[in-house]
Amino acid sequence: MSMIRIMLVAEPSMLREGMRAVLRAVDDFVLAGEAASGTGALAEAARLAPDVVVTDALGSAVALRRDGSTARIVLLAGAPDEVPVDPVARSGVDGLVLTAEAGTSLIAAVRAVARGHAWLSPPFARRLLDLYRAAPAVHRPAGGRRLSERERSVLRLVAHGRTNAEIAHELVLGESTIKTHVSRLLTKLELRDRVQLAVFAHHHGLT
């Protein structure tokens with residue numbers, strides 16, 4: 001079993017104790033360390049080199065990215081309107097989870113981002129899609145017309161939230177082939193992650 005090394009960045013509180021208990025209860029998780037928000041978190045992240053950082057502070061997430069941390073970041077927020085979803089998506093956060101769902105959803109989010117996927121609790125996904133649908137259409141040279149039929153199929157399934165393994169099963173292809181297609185889609189469309197691929201697909205009627 002491949003272990004996922006996690007660092008917890010939060011102010012000392014009942015929330016931090018609850019997150020610690022959730023993370024320690026999972027067989028393939030290792031709680032590598034903890035830190036309060038601030039400069040100490042940056043030093044600890046550099047020292048521990050965790051796979052995933054779980055934090056309740058957007059400032060810590062932004063600082064980790066600016067500091068060059070390669071860890072995946074899961075941000076917890078108390079309510080859907082507590083964080084500005086679009087700036088969060090652009091800040092480099094890989095997962096966004098409601099604090100009220102910091103049980104099975106947090107576990108799923110950590111596993112997803114550790115594999116290179118994105119994770120949004122449904123209320124945040126809804127807000128992000130609504131935000132992009134309300135904005136002017138995104139125009140890219142040739143848009144979806146530059147994509148092969150296979151790439152369109154992969155993009156459509158990514159937009160529906162399928163994992164690489166699920167897409168591979170549905171299209172009867174190897175998972176490594178799907179990873180290659182997703183990587184090429186990101187490069188062709190000049191997008192950063194699966195969330196942006198899903199938004200692009202919805203914008204261009206490819207779902």
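Heads up: numbering here begins at 1 and tracks the sequence.
Contact of the Val74 side chain with the Val53 side chain is not registered, since no non-hydrogen atoms from C-beta on lie closer than 4.5 Å. Side-chain contact between Thr163 and Arg115: absent, with no pair of heavy atoms (C-beta onward) separated by less than 4.5 Å. Side-chain atoms of Ile4 and Arg111, non-hydrogen and from C-beta on, do get closer than 4.5 Å to each other. Residues Asp56 and Leu75 form no side-chain contact, since every pair of their non-hydrogen atoms from C-beta on lies 4.5 Å or further apart.
Here the OG atom belonging to Ser153 is positioned 9.5 Å from the CD1 atom belonging to Ile178, to the nearest 0.5 angstrom. Taking OG of Ser105 as the reference point, atom CG of Leu120 lies at 11.5 Å (rounded to 0.5 Å). The NE2 atom of His169 sits 12.5 Å away from atom CD1 of Ile167, with the distance rounded to the nearest 0.5 Å. In this structure, OG1 on Thr55 lies 8.0 Å from CG on Leu76, to the nearest 0.5 angstrom. Leu189 contributes atom CG, which lies 7.0 Å from atom CG of Leu155 (distance to the nearest 0.5 angstrom). Rounding to the nearest 0.5 Å places CG of Leu197 at 12.0 Å from CG of Leu157.
Scanning all heavy atoms of the two residues, the minimum distance from Met7 to Leu48 falls at SD-CD1, 4.2 Å. The heavy-atom pair separating Pro123 from Leu98 by the smallest distance is CG-CD1, 3.6 Å. The two residues Ala112 and Ala118 have their closest heavy-atom pair at CB-O, 4.4 Å. Here the closest non-hydrogen pair linking Ala159 and Ala201 is CB-CB, 3.7 Å. Closest of all the heavy-atom pairs between Arg5 and Ala32 is NH2-CB, 3.4 Å. Taking every heavy atom of both residues into account, Ala71 and Pro50 meet most closely at CB-O, 3.4 Å.
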Q.
Working note: Asp94 + Arg65, criterion salt bridge (charged side-chain N to carboxylate O under 4.0 Å, His left out); need CA distance, chi angles, decisive distance, verdict.
A. CA-CA 11 Å; Asp94 303 286; Arg65 279 288 174 261; 2.9 Å; yes

Determine, stepwise, if the pair Asn164 / His117 fulfils side chain to side chain contact (heavy atoms under 4.5 Å, CB included).
CA-CA 9 Å; Asn164 286 349; His117 304 313; 3.8 Å; yes

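The main-chain N or O of Ser183 is found under 3.5 Å from a side-chain atom of Thr187 such that the two form a donor-acceptor pair. Under a 3.5 Å cut-off, the side chain of Thr99 and the backbone N or O of Ala77 do form a donor-acceptor pair.
Residues Arg20 and Glu34 are paired through a salt bridge, judged by an N-O separation under 4.0 Å between the basic side chain and the carboxylate.
With Ile107 as the fixed residue, the side-chain contact (heavy atoms from CB on, under 4.5 Å) test singles out one of Leu23, Val26, Val97, Asp28: Val26.
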